[in-house]
Amino acid sequence: MSDEMKIGAYICKGCGIGDRLNTQQMATIAEREAKANVVREHDYLCNADGVAMIQKDIDEEGVNRVAIIACSRRAKTEAFNFDGVAVIRGNIREGVIWVRPDTEEAQETTQEMAEDYTRMAVFEARYQTPPKPSGQAGRNPHLLVVGGGISGMTAAIEAAKAGYQVTLVEKEAELGGTAGKLFKRVPNAHPFKDPMDTGVEALKAAIEADDRITVHTSSTITKTSGAPGRFSVDITRESGETITENVGAIIQASGFKPYDANNLPELGYGKSPDVVTQIELEALAKAANGGPIKRPSDGKEVESVVFVQCAGQRSDKEGHLPYCSGFCCNASIKQAMYFKDANPNVDTVVLYTDLRTPGAGGEDFYRAGQEKGVIFTKGTVSEVETGGGLKVKFKDLILDEDTEAQPDLVVLATGTVPNSGVDIEEVPQNEPGEWESDPNSVLNLAYRQGKDLPLLKHGFNDSHFICFPYETRRTGIYTAGPVRRPMDIQQAIEDATGAALKSIQAIENAAQGRAAHPRSGDLSYPSFRKEGCTQCKRCTVECPFGAIDEDEERYPQFNESRCRRCGTCMGACPVRVISFENYSVDSVGQQIKNIEIPDEFDEKPRILVLACENDAYPALDMAAMKGIEYSAFARVIPVRCLGSVNTIWVTDALNTGYDGVVLMGCQKGENYQCHFVKGSEMAHYRMSKVDDTLEQLNLEKERVETYEVAITDVERAPKLINDMAETIEKIGMSPFKF
Amino acid sequence: MSNLNTQMIEKYRNSFLREVEANVEEGEWVKMCMQCGVCSGSCPFGPHWEHPPQEIFMMIRAGKRDDVLTSDSMWMCTSCYNCIVRCPRGLPITHIMHGLAHYAHRLGLAPKENPTHKFAIKFWDNLTRTGRVNELKLGLALYFMNGFSEGIKTSLKMKDIGLGMWKTKRLSPMEIVGGHKCKDVSGLHKILAKAREIEESKAQKFSG
Amino acid sequence: MSEIVATNQTILVVGGGISGMTAALEAAECGKQVILLEKNPSLGGRVSQLYRYFPKMCHPTCGVEINYRRIKANRNLRVITMAEVASVSGDEGNYQVKVKISPRYVNENCTACGECSKAVEAEFDDEYNYGLGKRKGAYLPYAMAYPQRYVIDPRILGSDDAGKAKAACKYDAIDLEQQEQEVDLNVGAIIWATGWRPYDAAKIQPYGYDRIANVITSVEFERMADPYGPTGGKILRPSDGKEAKDIAFIQCAGSRDRNHLKHCSRICCMASLKQTHYVREKYGDDGKATIYYIDIRAIDRIDDFHRKVKEDPNVTFVKSKVASIVEDKATGNPVLRGVNTEGYHRYENPHDLVVLAVGMEPSVPADQFPADVTINEEGFIEPTSQGAIFAAGCSSDALDVNRAVQSATASALRAIQVVNRVAGMEG
Amino acid sequence: MAKKEYSFYPGCSSQKAASASNYQTSVLTMCETLDVQLNEIPDWNCCSASIGYAGGGELPRLALSARNIALSEQANPGQDIVATCAACWLATKETQERLHDDSSLMEETNQALAEAGLEVQADGNIRHMVEVLIEDFGFDELGKHVKKPLEGIKIAGYVGCQTNRPFGIAGESFENPMYLDKLVETMGADPVENYDKKVQCCGGALAFSEPDKSQALIKEIIEAAYDGGADMIVTPCPVCQMNVEVYQGQINQKYNTKFEIPVVYYSQLMSVAYGAGVKEAGLDGQVIRATKLEEIARK
């Protein structure tokens, strides 16, 4: 295929388009005004004949930019799927005829809408290059797992089973993590009745036997640099000896540390050796090895034990954990069984407020505990007195009375605190060229934005997305196990296996230069013109994924495989030097500029709508399917994320004579739904600054509105456009019409 | 306090739950309650129980032996089986209530003046005498269970019912002198005596 | 369908809900060949019928849209709808799967223009809305449906409507002659993601779902809250269409109950907590919710959501499994009877509407499973130690969306391990 | 249809001059039409119902029912035991199941029975008469024998507790069993729809010891029947029949109501529909006369 640009514009007449619009006129515009090289109309473009017609042009005419002027980009994607060329969709079905009434009086404005979309499609095509991988990364089928507990070992084994090399780094001298300290674990299979072997030894043996897995114990990560496909990791032994490994992806399975029970003096911890945490009880049970468990103070065989659930958890008190650790209910049942299995006459009482034993296995296990004689009492403990024998004072919530128990031993279910390294909001990264490793960091990332993964909530490194639990904010680095969210062993195993899959996927994506979620498969990547760059750092700071570093001269360094292609950097750049092959300041800017702006006195305003392709644009599509109308003066352009909107588009539009601009992005704030985390937030912030520009232009602020629009805002999204039309009617047309 | 009661207190000092498990019909189910309360909400006599069934289970777990055994709550069970069919854990609640009532009676702790307690004893005595219930005698015994003058009052109050039943041949004054009975009453008595003996020897074994 | 190419390096995913889509996409985005089967005319599964997700209160449609976009963009993935597995034979690395494909009567020419639907008169209960509304005999399962292609309900075949639909289509997309097909697929590994169905609330007899109009299920309530659901997003009483402002939520409706489902369905507590938001969203301070529960299972970091709801003065928590519901015939109010077990307070509470938080039951009954897997007492697939049929999502346990997706992602790797072994691929 | 034979356990209340003697009369009439032969268990004894628990411990109570089963096995081998009284059915069936499932209980029970030279196997079926009608005949067959449809009578089907729980009738729910309604329809009468007290407890045996509490329940049962427009109530249980019928006078005094609703057995409805007279249908045993039924019976 020659490099010469050849644009084909294809106008469909199906689905009523031909009945409602003068497609011939549109074809003329595509050819004469927009200068498409090949222009064709078709009665039914998406059928085999229509598709063949386009393919023929690609093959025979050398068409390499295909502008399909038909239905929405969300429709008929299987049909309009051509190799090696850029495909652009002009939306005249959902975007025009389905949102406009089929009346004579509406005909003129509807036709104008369609003509503009035709121009826009061809102009967008003109500023497209079919993306090719940059070749920045090669394939490195090797992954790093940080943490040698159940999660880390599982991730390593599962990745190795798929044929990948693994380097496993554990800071302790032994693999096993917390699970390695357990006597037994909660069962994971039918009949869910008895504590079972932890499986840690089997995992260790599997790792030992697998020559694809290399283990570094007593080691930590002192520096991680690079990007998916080409990470470089410094692994430092206790001795200070450091080796460097190159890996394609990273799994952080750094686990948790037990909550510090010293924060719970009211529950007797630290005052009596016979008040222990769950993890301390495991040590006693290990020592007993199936025999009677003895209490720490005097070695007496325990005859009665009380388990206090939610000790320091699910509480707003200072120093307490605001969350539920998820596994402790089942863990206490298991531990009560340690006593009961050794001697059924031991009294075991679990004091709880909500017993949380979910799923098939959970309820069976709860029942099994009851069958063994474990007593469950709904109650809240106020105090554990330790002077001369233990006294657990609690309120029995069912019998509605204050009462007490005097057990030999008290076990506190204290929950977990994630081992997530340093909080990058609090601990700034070293300046470029001044690297120093932080002993509190897990990964010691050399990323400009900080040494560890950003935290989500309560110190956990979870994804914010319900449907996409692995989407951390650092591409190619996945967290697994209880560092991500509180979880039990069974879930940690599932989680680690899933994280291994994502790491492998990251490796394969990086190898081919493809983007990861949510623009999976996208081959475009950001490039920048160094000569125009003012080193303002906005791109580096605002990138939601920490993809951009700074070199020592303080120029941005793009790391293609860390990039998610959201374009937030492009939106941020005040001098507009950042662009993607298929998405740039021009590819959108030219669409904005190349529409017909009617004369001020025509009473035909123009409203630019920049709609996020993830939520707002589909919402408008659905509105169209439901026949919800909106103003014929709107011209909607989908954007990758509102974060990619460069203010120049807005000011250019206003300068060109648009009367209003509506920006539609996703929800921001704590429960953000922006798939690129901060894009919507950034856009709102930037648009607040546009107000100054408006003032300079002597334009009303109401001419630019930024909204959060959900995909379900099927009625609201059109209404927001109509609201703008009304506003314009009130405040008048823009004075900037030429 | 009955001898048996004293023995039981000694034996199960620490755990009323274990005492119930060992000695009460279906008592081993008490520990399986998951505290949902559906039994208590389902009972047609629910408002009249001082301690509805789930609370009794919780009291057993909490070791409130006296409170449970002297309670008149279990004696409110109408044997409607609502609780049983709704219990998510399949506890035979009706039977546990009967079992607790029986156990309380055996230990001499059941409330003496509870009408159902009295009636239930009389019913048993009535039926075991001949092998079949004599409704007239049972009724009269019931009316007079609170003493003679109370009995006259009750009888008068109930006379319309008696009269109606008599008129429709669903009650016969002749029953007072004879009535239906099993032919092999002595065999039945032997069976019951043996059954009681086996049961008591088991209790002895537990308490010994 | 001779064009379906599958080999022993292909991964078959059965079920196109959130778990199946995820498993299929994650594997395909690793470069594997994947076939995704769905028995309904559209992908999306149960999540497509939810209004919002807990705890973020975001819309499931959003994630589904992203997944559809991923599917459209991925050439390694082949989606076959209206397809069910009839049988599976063979072994790890080499399965033979018989697939039955029901006719849609609409071919790929369909542009989703909707003319056929307008032409048809017959209406049927709308499955998407759990029968709360009607849809036409020619229909798009729901606005976001993928494939975005209409379906002809077989019940209109042979009627005038069938002819009308055909006549209305300008694109020759309606093919009334389509027949059921059976195709044989050779695949290396199978991911089973057939998900769950809501437990049949009519079986919970004390709650009178089959007798009392104003007793509905939690899944129906989702449709009701959805602005594009059968009531246009209004929370209304089925009996008289009046606004339902005082709503009772009954937990463990069919779960944790040996008379019904023995297991805890995990999601219902959070779902009800979420639904109290709907009540407040629609009715503000006039909206009242009461949650009747045994244990509130707001597990792990989302317990803060639970605690926030608890702070809402308009939401009341009653620790009680409701004993029974009767209908107040004068008002149509369901009256809940039971005992608040915290102190044993009896109640007889009338509410405008009762929402039963129904449990999750595996979609495929244990005795109808077409393949050889181990199924536990609850009907879920146990983790296998042999073979290459891997459960994903709610066919493996009662899971929330987040965990279902985790499970699906893990199952994708397990399948990849098998096909990589078949291919002799080393990393 | 060929003659069907069952081992019959009538129970104390069905005896001559006992509270449900009219039930027995109508059952026998009904069985004649259906060609059912009931072979009474010789020398049967009381089951101790569900109130015997205070005096009788677990084993003595089981022994009572076990004796009946043993006698049935001896005299009517291979025949299902059929009871007409809910309490009899329940106690016997529970005993059968518990002995069957618990070998040590079985052993102890047989030890006791041996005192009277008896032995029990407890592997047969224990059935309620209603079960026999529904399962061995079915509504279609039962309807075929109708000679005088009970037209124009509205009847509330009051199922009560122990016929319904814990065993119930196969295919019926505990909360809303429909078989009485279907039977009423089959006999040509109109069932009260959505009779929501159909499984409410009448106080059972506690009607004697706790009359006030029980009568409050009975009042609701009657009230709901009236609300549904019922002419009469039909029930399969002698305790229910007795409690709901005979306390109406006392309830009227206490609550200032004017209840006077007949309470009949299903077997009486069937007898009348099958052409029996007042006496054969046991209608002369009604304390509150079921005049509408009597009218048909006299036709």
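Heavy atoms only: backbone and side chains are in, while hydrogens, waters and symmetry mates are out. Order of the sequence lines fixes the chain letters, A, B, ..., with proteins taken first and strands second; residue numbering starts at 1 for each chain.
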Residues of residues 45-62 of chain B within contact distance of chain C, non-hydrogen under 4.5 Å: B:Gly46, B:Pro47, B:Pro52, B:Gln54, B:Glu55, B:Met58
Side chain / backbone / both / neither for B:Cys43 at chain C, heavy atoms under 4.5 Å: backbone
B:Glu21/B:Lys31 salt bridge by N-O under 4.0 Å criterion: yes
Mutual orientation of the aromatic rings belonging to C:Phe221 and C:Phe249 [parallel < 30°, tilted 30-60°, perpendicular > 60°]: perpendicular
SB check C:Glu222 C:Arg52 (cutoff 4.0 Å): no
Residue part contacting chain C, namely of B:Arg86, when any heavy atom lies under 4.5 Å: both
N-O pairing of C:Asp400 and C:Arg403 below 4.0 Å: yes
NZ/NE/NH1/NH2 to OD/OE distance under 4.0 Å, B:Glu197 and B:Lys194: yes
Option in C:Pro206, C:Cys252, C:Ala323, C:Gly338 with maximal non-hydrogen atom pairs under 4.5 Å from chain B: C:Ala323
Exercise: do C:Gln205 and C:Asp210 side chains pair donor with acceptor under 3.5 Å: yes
Donor-acceptor under 3.5 Å (C:Asn333 side chain, C:Val335 main chain): no
Partner of C:Phe317 under side-chain contact (heavy atoms from CB on, under 4.5 Å), chosen from C:Thr290, C:Leu273, C:Asn340: C:Leu273
Minimum-distance pair of heavy atoms, taken over all atoms of C:His306 and C:Ala298: CB-CB, 3.5 Å
Residue selection (most heavy-atom pairs with chain B, distance under 4.5 Å) from C:Lys319, C:Lys321, C:Lys262: C:Lys321
Among B:Gly41, B:Ser42, B:Cys83, residue most engaged with chain C (heavy-atom pairs, under 4.5 Å): B:Gly41
Over all atoms of both residues, closest heavy-atom pair of C:Asp257 and B:Pro88: OD1-CA, 3.2 Å
Proximal to chain B - members of residues 346-353 of chain C, heavy-atom separation under 4.5 Å: C:Arg346
NZ/C:Lys329: more than 12 non-hydrogen atoms of other groups inside 6.0 Å: yes
Neighbour count above 12 (heavy atom, 6.0 Å) for B:Lys169 NZ: no
